[in-house]
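Data block below; observations after.
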Amino acid sequence: PEDGIRHFCLSRGLGDVYKRQINNSGDAWIELSKNGKIDVYANDSISVHTNNDLNLRAERDINIESGRNINLKATLTTNINSNSLKNDRI
């Protein structure tokens with residue numbers, strides 16, 4: 001395609017129809033499953049920007065894993081609110 005994006009609508013015949021958008025090299029894609037799961041992959045970086053708030057919410061856990069460092073930066077204040085704060089040092 002001219003935009004370099006391939007659009008797929010796939011199914012394994014199990015009622016699991018989903019849509020996938022992938023770039024020509026296969027180095028980046030987004031997949032939307034029938035049951036509401038969204039997977040995003042990039043061989044390079046993923047960046048999100050907003051001029052207002054960015055809100056993340058999960059009814060269960062939020063998991064963050066890094067192969068190197070986790071960097072947080074706030075121009076003003078960093079607030080952590082929790083019923084329990086645990087620090088496991090390895």
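Just so it is clear, the structure is predicted and the values come from calculations on it, not from any experiment. Index from 1, following the sequence.
The minimum heavy-atom distance linking Ile62 with Leu56 is given by the pair CD1-O, 4.4 Å.
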Do any side-chain atoms of residues 65-77 form donor-acceptor pairs under 3.5 angstrom with protein atoms, and if so which ones, sequence neighbours left out?
from, atom 1, to, atom 2, distance (Å)
Ser66, OG, Arg68, N, 3.1
Ser66, OG, Asn69, N, 3.4
Ser66, OG, Asn69, O, 2.9

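Pairs passing the ring-ring contact (aromatic ring centres under 6.0 Å, His included) check and including a residue from residues 52-77, sequence neighbours excluded, do not occur. The stretch residues 21-30 participates, sequence neighbours left out, in no salt bridge (charged side-chain N to carboxylate O under 4.0 Å, His left out) pair at all. Residue pairs that meet the ring-ring contact (aromatic ring centres under 6.0 Å, His included) test with at least one member in residues 21-48, sequence neighbours left out, are Trp29-Tyr41. The side chain to side chain donor-acceptor pair (under 3.5 Å) analysis of residues 44-61, with sequence neighbours excluded, yields the pairs His49-Asn51, Arg57-Glu59.
Annotation: side chain to side chain contact (heavy atoms under 4.5 Å, CB included) contacts of Val48 (sequence neighbours excluded): Leu54. Residues that satisfy the side chain to side chain contact (heavy atoms under 4.5 Å, CB included) test with Lys86, not counting sequence neighbours, are Asp88.
In the hydrophobic clustering, where aliphatic and aromatic side chains (Ile, Leu, Val, Met, Phe, Trp, Tyr) are joined below 4.5 Å either directly or transitively, Ile80 groups with Leu85.
Here the CD atom belonging to Glu31 is positioned 9.5 Å from the CD1 atom belonging to Ile22, to the nearest 0.5 angstrom.
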